[in-house]
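One-based numbering along the sequence shown. Indexing begins at 1, ligand by ligand and atom by atom, following the structure's order. Fair warning: this is a prediction, and the values are worked out from it, not measured in the lab.
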Amino acid sequence: MKKRILLLAGGQSGEHEVSLMSAKSVLAALPRDQFDVTPVVISKQGRWLPPTDTARALESGVSAHGGDLVLHRAASAEGYDAVFPLLHGPMGEDGTIQGLLTLAGIPFVGSGVLGSAVSMDKVMTKQVLASAGVPQVAWALALRHEWRSTPDTVRVRASNLGFPLFVKPANLGSSVGISKVNSAGELTAALDLAFGLDRRVILEAMTSYKPREVEVGILGNDTPIASPVGELQFDAEFYDYDTKYTEGRATMHIPAPLPDSVSQRVRDIALTAFRALDCAGLARVDFFYVQETGELLLNEVNTMPGFTTTSMYPKLLEAAGISYSELVTRLVGLALEKR
Ligand code: ATP
Ligand code: MG
Ligand code: MG
Ligand code: MG
């Protein structure tokens, strides 16, 4: 019998549009002889859109108003064999939807509550990975209330890391709300921006060299595999939103032109991180490689990475010999096996 799959897309985060693009690709690729797929778009207001509005949103990228509370609909999604929550960022990739589906007893693709929540929060990720011996940049946490009540303490914390530094909302993706801060004078704007999006903000040191950016895909549950390593090259100060999503601004090199020993370290550290964070199903693990010093620093773990047919994660797995449609099929299999 065909498996009934509920594909969730859109969502309330700043990565709504990115999710819609990914969902279109997955929808087209899930083999119809094995799966009956129902897409549902969650609007930016967090509402579960009915089929006609969902179809329109997938087509045009624009979500209608109205719809039902996700809380009510997800809990009654019992008719499905599995859910593919193709949502990025808060209220999708952060354990919230995963908790709801867990309560409802419906298997779903990807990490559970713990792995999703810890991996979404860049500060929590850093703390867990530090205890697992994973190399990372120096960093500090700042809370919104500190920035409002004692901004100078936040400025000191930032200055201690040295400039340039990165300021990021702790729980977001697609570089939304991230700034590269070159001097103390640029701190206020960067912190205002990040605190406008999150209560928790991470301040991150930067190495004195512009690092190379390498990524690896992980697939599996308790016995995961690591893909070949890929590298991103772009002509911008950092890998910001426009560089990520404007056609032709960045190029992916798979496999990355790196010594074998470095690629192997990337894969080993990524698998260590996947296990330490209790991830499941899939993850794309991002690193900085400082060629001048040989340093390899783990940047972050994305538990629901971009998933169009040209996104890095599926391309990495393709290099491992797993086609896009085989990949989505395997992910559903891993969701069912996880129970
Ligand atoms: P994703 O879309 O991969 O989920 P994200 O929004 O979670 O991205 P990061 O990957 O943490 O954001 O950072 C985005 C980009 O900013 C990186 O790819 C890199 O170009 C730059 N960057 C972030 N942190 C640092 C750092 N500490 N040092 C140097 N560059 C950095
Ligand atoms: Mg990320
Ligand atoms: Mg992300
Ligand atoms: Mg990243």
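Listed by chain and number, E300 OE1, E300 OE2, N302 OD1 are the protein N/O/S atoms closer than 2.8 Å to the Mg ion (ligand 2), with waters left out.
Evaluated for a salt bridge (Lys or Arg N to Asp or Glu O under 4.0 Å) with E204, the options K122, K180, K168 yield exactly one hit, K168.
In this structure, R200 pairs ionically with D121, as a charged nitrogen and a carboxylate oxygen lie closer than 4.0 Å. A salt bridge links R56 with D53: the distance from a Lys NZ or Arg NE/NH1/NH2 to an Asp or Glu carboxylate oxygen falls below 4.0 Å. Remark: R4 engages D81 in a salt bridge, criterion side-chain N to carboxylate O under 4.0 Å.
Residue E59 places its CD atom among 12 or fewer non-hydrogen atoms of other residues, nucleotides or ligands, all under 6.0 Å distant.
The ring-ring contact (aromatic ring centres under 6.0 Å, His included) test applied to Y324 returns F307, not counting sequence neighbours.
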